[in-house]
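See structure below.
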2 protein chains.
Amino acid sequence: MNTTRPRGPYAKTADVQRRILEACIDAFGETGFYGATTKDIAQRAGISHTGLLHHFPNKETLLTSVLELCDQQNAAFLRSAHALNPGANPLDALTGMLTVVVESELRPGIVELRCVLSGEATSPQHPAHDYFAARSKTARSFYARVFSALAKQGALESPLDPEALASITTALIGGLQAQWLLDRASVNLEITIRAFLQSIVPGLRRR
Amino acid sequence: MNTTRPRGPYAKTADVQRRILEACIDAFGETGFYGATTKDIAQRAGISHTGLLHHFPNKETLLTSVLELCDQQNAAFLRSAHALNPGANPLDALTGMLTVVVESELRPGIVELRCVLSGEATSPQHPAHDYFAARSKTARSFYARVFSALAKQGALESPLDPEALASITTALIGGLQAQWLLDRASVNLEITIRAFLQSIVPGLRRR
DNA sequence: CCTACCGATCGGTAGG
DNA sequence: CCTACCGATCGGTAGG
């Protein structure tokens with residue numbers, strides 16, 4: 001029985017842990033960190049409550065683990081799209097980030113997770129506060145480098161400086177995702193974000 | 001004893017209920033609807049748990065009441081700024097909304113409340129889901145009328161249509177407020193939003 | 001608007 | 001002695 005899973009006694013573990021984190025995406029995405037219960041997460045994953053706590057010792061570890069998983073998946077995709085080097089190919093970076101947003105529409109649970117948790121995490125005492133604060137800073141500096149590189153090439157058409165555009169782009173994506181979750185019929189994530197980016201980066205119009 | 005409070009047995013009630021709703025702003029803003037407890041809210045308001053439930057029969061009523069209060073305060077301000085008639089004075093409407101955002105910085109608790117609750121409320125089963133969905137629609141149609149009126153006057157300088165700009169403006173404000181809560185030092189709400197609006201509405205630059 | 005409580009459920013841990 | 005769990009239950013606290 002050769003499957004694609006790793007050999008040895010850890011094959012099952014990786015599988016179960018993955019199912020647990022998928023359950024976390026749903027549970028935290030629906031009611032947030034505070035609203036979710038470890039017992040409900042265990043039930044969704046198809047294991048007992050104590051079985052859950054064998055793999056992840058407490059609720060907070062579930063939170064940090066699921067955020068780590070999402071980051072790894074995002075990073076893996078961006079690497080494969082060669083979109084992580086903003087200085088070298090700023091246009092690729094922008095289209096790469098756009099594709100991530102479009103792909104995310106296929107997994108609304110991920111969008112809900114980020115939306116609900118980032119809202120909760122604005123409070124300093126939230127266990128994911130530092131994570132989201134750092135993530136926000138990282139996103140803004142990423143876009144700032146993209147827009148700076150574009151400006152140097154004369155490919156930026158806006159009276160606003162790169163830092164302001166970075167802040168605006170980050171806010172726009174987050175805010176639009178929230179809008180989309182509230183009313184998926186009348187909000188088109190891809191078209192709206194692309195239209196905004198094209199209005200300030202003419203080179204994006206030919207893609 | 002003539003004070004500024006209304007006569008009769010209801011004077012104290014209005015006062016207590018106001019303190020309760022202020023406590024709700026803090027509690028819901030810190031941990032969301034799910035994370036907040038009615039006992040904690042009672043304590044913050046300086047009354048007993050059952051005393052709280054005398055004024056508001058359950059947790060959900062506290063939520064709807066506090067959202068109603070915020071809406072009333074916003075509407076009262078916008079009326080006084082003559083910013084609620086987008087067709088007549090589109091520039092006044094934009095500067096009015098900008099002032100609301102700036103004023104909100106003086107009460108971070110209100111910004112946190114909206115941020116945390118709107119995140120939680122993206123889930124359809126949340127008691128404030130319909131409220132935030134309707135609010136989002138209202139905001140977008142308001143800005144769509146503002147930008148349409150500006151376009152008719154030839155005062156709109158953007159390749160994007162009024163509906164897209166409305167969606168972008170709404171998303172930008174919400175997203176920037178979230179960014180500001182995570183890092184107040186490096187995000188300037190007023191300057192960033194004003195800069196964006198000025199980049200598409202030249203008439204705003206002279207204000 | 002208080003003290004005194006309820007049915008249930010919380011996050012986490014015991015022994016096996 | 002390891003892993004992957006189970007049924008039962010801990011001390012406290014939830015909304016009402």
Side-chain angles (χ1 to χ4, degrees), chain A residues 1 3 5-24 26-28 30-67 116-117 120 123 125-128, chain B residues 5 8-24 26-67 116-117 120-121 123 125-128:
Chain A
M1 285 273 276
T3 70
R5 294 188 300 184
R7 294 168 299 170
Y10 301 126
K12 200 173 173 186
T13 294
D15 216 67
V16 171
Q17 292 186 351
R18 182 52 181 268
R19 267 193 297 130
I20 292 171
L21 293 182
E22 291 292 328
C24 284
D26 295 340
F28 289 144
E30 279 177 25
T31 56
F33 175 73
Y34 297 127
T37 73
T38 53
K39 281 176 178 163
D40 174 56
I41 292 168
Q43 206 166 25
R44 289 176 194 250
I47 60 171
S48 72
H49 183 227
T50 42
L52 171 75
L53 295 171
H54 165 76
H55 292 284
F56 300 92
N58 52 51
K59 201 184 181 186
E60 209 169 306
T61 305
L62 287 168
L63 177 66
T64 54
S65 299
V66 76
L67 291 173
V116 174
L117 290 182
E120 262 187 340
S123 293
Q125 67 264 39
H126 191 281
Chain B
R5 295 187 300 185
Y10 302 126
K12 201 174 174 186
T13 294
D15 216 64
V16 170
Q17 292 187 350
R18 183 51 182 268
R19 267 193 297 132
I20 292 172
L21 293 182
E22 291 292 329
C24 285
D26 295 340
F28 289 144
E30 278 177 27
T31 56
F33 175 73
Y34 296 128
T37 71
T38 53
K39 279 174 179 166
D40 175 55
I41 292 169
Q43 207 165 24
R44 289 178 195 248
I47 59 170
S48 72
H49 184 228
T50 41
L52 171 75
L53 294 171
H54 164 76
H55 291 285
F56 300 92
N58 52 51
K59 202 185 181 186
E60 210 170 306
T61 306
L62 287 168
L63 177 65
T64 54
S65 300
V66 76
L67 290 173
V116 175
L117 290 182
E120 263 187 341
S123 293
Q125 67 265 39
H126 192 281

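Model, not experiment: these values are computed from the prediction. Only heavy atoms go into these numbers, but all of them, side chains included; no hydrogens, no water, no symmetry mates.
Between the NZ atom of B/Lys59 and the C1' atom of D/dT13 there is a distance of 13 Å, given to the nearest Å. Protein atom CG of A/Leu52 is 13 Å distant from nucleotide atom C1' of C/dT13, rounded to whole Å. Atom pair A/His55:NE2 and C/dG12:C1' shows a separation of 16 Å (rounding to whole Å applied). Straight-line distance from the CZ atom of A/Phe28 to the C1' atom of C/dG11: 12 Å, rounded to whole Å. Atom NE2 of A/His54 is separated from atom P of C/dG12 by 17 Å (rounded to the nearest Å). Following rounding to the nearest Å, B/Phe56 (CZ) and C/dC1 (P) show an atom-to-atom distance of 12 Å. Between the OH atom of B/Tyr34 and the C1' atom of C/dT9 there is a distance of 16 Å, given to the nearest Å. In this structure, A/Glu60 atom CD and C/dG11 atom C1' are separated by 12 Å, rounded to whole Å.
Note on A/Ala36: only backbone sugar-phosphate atoms sit closer than 4.0 angstrom, heavy atoms only; bases stay farther off. Among the heavy atoms of the strands lying under 4.0 Å from A/Leu53 is at least one base atom, whether or not backbone atoms are also near. Across all strands, B/Ala45 comes closer than 4.0 Å to no nucleic acid atom at all (heavy-atom distances).
A donor-acceptor pair is defined here as one N or O able to donate and one able to accept, closer than 3.5 Å; no such pair exists between the side chain of B/Ser65 and the backbone of B/Leu62. No donor-acceptor distance shorter than 3.5 angstrom exists from the side chain of A/Glu60 to the backbone of A/Pro127, with no hydrogens or angles considered.
Heavy atoms from other residues, nucleotides or ligands lying under 6.0 Å from CD of A/Gln17 number more than 12. Taking a 6.0 Å sphere around CD of A/Glu22, one finds it holds more than 12 heavy atoms contributed by other residues, nucleotides or ligands.
Nucleotides C/dA8 and D/dG12, compared at atom P, are 22 Å apart to the nearest Å. Comparing the C1' positions of D/dC5 and C/dG15 gives an interatomic distance of 13 Å, to the nearest angstrom.
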Every protein N/O within reach of nucleotides 3-6 of chain C N/O, cut-off under 3.5 Å:
unit_1: C/dT3; atom_1: O4; unit_2: B/Thr50; atom_2: OG1; d: 3.1

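Looking at A/Val66, A/Leu67, A/Val16 one by one, the single match for side-chain contact (heavy atoms from CB on, under 4.5 Å) with A/Leu21 turns out to be A/Val66.
Ring geometry for A/Tyr34 against A/His126 counts as perpendicular: the plane angle is over 60°, on a 0 to 90° scale with 30° as the lower cut.
Residues A/Ile41 and A/Ala27 come closest through the heavy atom pair CG1-CB, 3.6 Å.
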